[in-house]
2 protein chains.
Amino acid sequence: MPPSPSRVTQADVARRAGVSRTTVSFVLSGREDTRISIEARQRILGAAEELGYRPNLTAQSLRTRKTHTVGLVSDIVASTHYAGEMIQGALEAALERNHLLYFAESGDDPEAERRLLQGMLDRQVDGLIHAAMSTRVRRLPDQVRSHPSVLLNCLDESGEFTSVVPDEEAAGRQAAKLLLEAGHREGIHVVGGRHFTRRTPDGVYAGRERMRGLERGLAEAGVRLSGVSECDWSAPEYGYRAARSLLAAGPRPTAVVCCNDRLAFGVYQAADESGLSVPQDVSVLSFDDSELASWLRPALTSVALPHREMGRAAVSLLLSPEPVPAVHRIPMPVRRRDSIAPPRR
Amino acid sequence: MPPSPSRVTQADVARRAGVSRTTVSFVLSGREDTRISIEARQRILGAAEELGYRPNLTAQSLRTRKTHTVGLVSDIVASTHYAGEMIQGALEAALERNHLLYFAESGDDPEAERRLLQGMLDRQVDGLIHAAMSTRVRRLPDQVRSHPSVLLNCLDESGEFTSVVPDEEAAGRQAAKLLLEAGHREGIHVVGGRHFTRRTPDGVYAGRERMRGLERGLAEAGVRLSGVSECDWSAPEYGYRAARSLLAAGPRPTAVVCCNDRLAFGVYQAADESGLSVPQDVSVLSFDDSELASWLRPALTSVALPHREMGRAAVSLLLSPEPVPAVHRIPMPVRRRDSIAPPRR
DNA sequence: ATGAAAGCGCTAACAT
DNA sequence: ATGTTAGCGCTTTCAT
């Protein structure tokens with residue numbers, strides 16, 4: 001009947017130690033409330049050791065209804081710097097609590113997502129992390145709404161779930177502060193903006209929040225933006241184009257705030273072509289703090305996406321006794337480098 | 001006794017359909033060799049549907065000794081473009097075969113790796129993928145040597161396991177071909193080289209193989225390298241420095257082969273500073289094909305690391321009936337862009 | 001064509 | 001302080 005040759009089980013250990021399976025179970029799972037003779041415990045531990053006993057977690061799970069696993073499904077391509085960090089953070093937190101992580105990507109296809117989640121649910125995961133690569137509001141599939149879930153880098157439309165997002169508005173304020181500190185009060189321009197696309201007609205979450213924070217931060221010092229070049233955020237090319245027309249047009253900006261590092265890269269390229277040097281002629285400030293920021297010359301000051309911390313937080317929250325439905329905003333640290341200087345006068 | 005309120009089981013379905021659990025198991029698992037009346041089958045399917053029955057894969061696994069899961073543990077930070085691709089490929093292949101993926105990182109710490117592998121083994125994974133971020137030779141921990149394992153982007157020192165690596169030597173030849181086709185026969189310089197470090201005194205695998213392929217490919221056309229600037233591969237800065245001294249020193253190179261895109265980025269920066277334009281004054285060619293390659297101006301021609309294909313291959317091999325211990329070399333496709341031109345005469 | 005029964009490896013009431 | 005026993009939800013042999 002047993003389909004295949006098996007490994008050593010608690011029964012084997014019990015036999016070898018001359019005790020019952022219960023006793024073995026007790027000592028191996030380290031239960032305190034039952035007092036087993038010191039010698040029996042020694043014999044059991046010894047036998048387990050000698051036999052190379054390892055618990056079968058599948059069997060244990062069937063009985064306890066705890067698998068010590070958490071499932072993480074993200075929407076699109078984890079092949080970005082950020083994604084990796086997020087997953088690493090999640091992993092760390094899971095490991096600290098002796099959990100393992102199932103990882104999968106839905107490719108932003110609802111049907112695929114459903115199947116993945118079902119696969120995890122069928123395998124009795126203890127909880128689910130729903131991650132998005134770009135911060136946004138979404139609706140959690142019905143199938144998981146009754147299971148422990150935490151949203152990572154996204155918000156459920158109902159607000160009924162615990163979620164973890166970067167504190168983008170505060171980041172915008174940080175940006176304002178950085179510029180203000182350096183003495184910039186006019187000629188501050190934005191490249192990127194809210195990022196209006198067909199799928200996000202009102203702009204992306206990060207765009208809206210960053211802009212709000214930036215504008216408010218500036219406003220509190222009586223400063224206003226000189227202009228905003230709305231453009232696609234996805235590649236340096238767009239930042240390059242926006243900066244070119246910006247430099248070709250009106251009065252030269254003294255500082256440009258880029259909505260992400262790729263855009264800043266494009267802005268560098270354009271500044272370079274116009275014979276402008278960063279930061280002497282124009283200060284550049286950015287968001288995300290991807291690897292690119294440190295590769296650029298001069299190195300780019302950027303307000304970092306705290307992806308690793310977010311990943312950690314999501315799993316911690318998921319695995320903690322009472323995950324209060326609340327939005328956790330993780331601070332975005334600024335990475336000061338060499339792209340900001342006082343305005344030329 | 002049952003620790004908690006439970007979901008619907010096969011027993012519930014059987015009760016509802018008025019048959020035995022065996023019958024339910026038969027039809028639900030779609031066994032062909034047993035003929036169950038068409039109506040019984042209908043009733044069962046209907047009942048399962050109505051009740052929203054979902055199999056408990058933990059229970060199933062305990063019985064069948066198959067969990068339909070594979071564990072993937074990689075060494076360091078998956079926060080690179082490449083890593084994501086590799087995992088995606090692995091994921092795709094796993095999903096196609098109805099498996100889910102455990103993912104973890106060892107941080108290159110043998111003890112951590114041991115613990116992770118043990119966690120996966122204890123959870124009865126059907127197989128293991130051992131991934132490395134940078135191609136290299138290693139030794140698989142003893143604990144997993146008797147379990148189905150495939151090495152991804154690394155080789156076991158014994159050669160006893162199935163492994164999947166990029167075909168770096170062929171890539172080097174491709175690079176040679178690209179340059180030769182464009183008419184370059186002299187002034188060809190390499191930035192990067194074998195990448196000798198404290199941990200890799202003989203150079204890294206990719207460095208050795210790429211160089212060998214490049215030199216041989218060139219040699220077959222009677223061409224020799226003008227020089228090799230050995231340097232650290234990890235950031236554009238090193239490429240920048242190497243290129244600067246290269247440009248300051250002897251006769252100007254007509255083509256520079258960079259060992260990865262970051263280095264090429266540095267070379268672009270240096271060329272730019274020297275007033276040289278790519279590709280008119282100097283052709284640049286690179287390896288890896290990261291996102292950077294398409295972001296650079298002019299866009300960089302690069303021989304791509306086939307990470308997604310490698311991931312797919314590793315899982316396919318792992319899950320196929322007889323994983324022959326063999327080294328599978330995956331071809332590296334060249335991405336032609338705008339950084340190569342005929343040499344100026 | 002269907003069902004009874006045993007058992008995968010483990011936990012946990014309930015005895016003793 | 002330790003053992004007996006009954007499951008967890010599923011598969012599978014063997015009877016009927």
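Heavy atoms only: backbone and side chains are in, while hydrogens, waters and symmetry mates are out. Protein chains get the first letters and strands the later ones, always in sequence-line order, with residue 1 at the start of each.
- Side-chain N or O atoms of B/R123 include one that pairs as donor or acceptor with a backbone N or O of A/H68 at under 3.5 Å.
- In the interface, the side chain of A/T22 is paired with the base of D/dT4 through a donor and an acceptor atom under 3.5 Å apart.
- Separating the CD atom of A/Q124 from the P atom of D/dC10 is a distance of 9 Å, rounded to the nearest angstrom.
- Atom CZ in B/R54 sits roughly 11 Å away from atom P in D/dC10 (whole-Å rounding).
- Closest to the side chain of B/F26, out of D/dT12, D/dT2, C/dT2, is D/dT12.
- We find that NE2 of A/H68 is positioned 13 Å from C1' of C/dT11, with the value rounded to whole Å.
- Within 4.0 Å (heavy atoms only), B/Q10 reaches at least one base atom of the nucleic acid.
- The shortest heavy-atom contact between B/V24 and B/V13 is CG1-CG1, 4.1 Å.
- Heavy-atom nearest nucleotides on DNA chain C were determined for A/A11 and for B/V19, and the one closer to the 5' end corresponds to B/V19.
- In B/E49, the CD atom is not crowded: 12 or fewer heavy atoms of neighbouring residues, nucleotides or ligands sit closer than 6.0 Å.
- Few gaps surround CZ on B/R136; more than 12 heavy atoms of other groups in view lie less than 6.0 Å from it.
- Taking 4.0 angstrom as the limit, B/R63 places none of its side-chain polar atoms (N or O) nearer than this to OP1 or OP2 of C/dG9.
- Between B/G18 and A/L62, the one whose closest nucleotide on DNA chain C sits nearer the 5' end is B/G18.
- Comparing D/dC10, C/dG3, C/dC10 against the side chain of B/Y53 picks out D/dC10 as the nearest.
- Nearest approach of B/M86 to B/A132, heavy atoms of both residues: CE-O, 3.8 Å.
- Of the listed nucleotides (C/dT2, D/dT2, C/dT11), C/dT2 has the atom at the smallest distance from the side chain of B/T23.
- Relative to the side chain of A/A59, the nucleotides C/dC10, D/dG9, D/dT13 differ in distance, and C/dC10 lies closest.
- Residue B/S61 has no polar side-chain atom (N or O) positioned under 4.0 Å from OP1 or OP2 of C/dC8.
- Residue A/R97 places its CZ atom among more than 12 non-hydrogen atoms of other residues, nucleotides or ligands, all under 6.0 Å distant.
- Put simply, CZ on A/R21 is 14 Å from P on C/dA12, counting in whole angstrom units.
- At the phosphate of D/dG3, OP1 or OP2 sits under 4.0 Å from a side-chain N or O atom of A/S20.
- Crowding of A/R199 atom CZ: a count of heavy atoms from other residues, nucleotides or ligands under 6.0 Å not exceeding 12.
- Look at CG on A/N56: it is 10 Å from P on C/dT11, rounded to the nearest Å.
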side-chain hydrogen bond (donor to acceptor under 3.5 Å, both in side chains) assessment of A/S163 paired with A/H328: CA-CA 6 Å; A/S163 51; A/H328 297 256; over 6 Å; no
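- Counting any heavy atom pair closer than 4.0 Å across all strands shown, B/S25 reaches a base atom.
- Of the candidate nucleotides C/dG3, C/dG9, D/dC10, C/dG9 has the atom lying nearest to any side-chain atom of B/R65.
- Listed pair A/S29 / C/dT11 fails the phosphate criterion, with no side-chain N or O lying under 4.0 Å from OP1 or OP2.
- Counting to the nearest Å, the C1' atom of D/dA1 and the CD1 atom of A/I38 are 13 Å from each other.
- If one axis is set at each end of the helix from C/dA1-D/dT16 to C/dT16-D/dA1 from five pairs, those axes are 40° apart, to 10°.
- Here the side chain of A/T9 is nearest to one of C/dG9, C/dT11, D/dC10, namely C/dG9.
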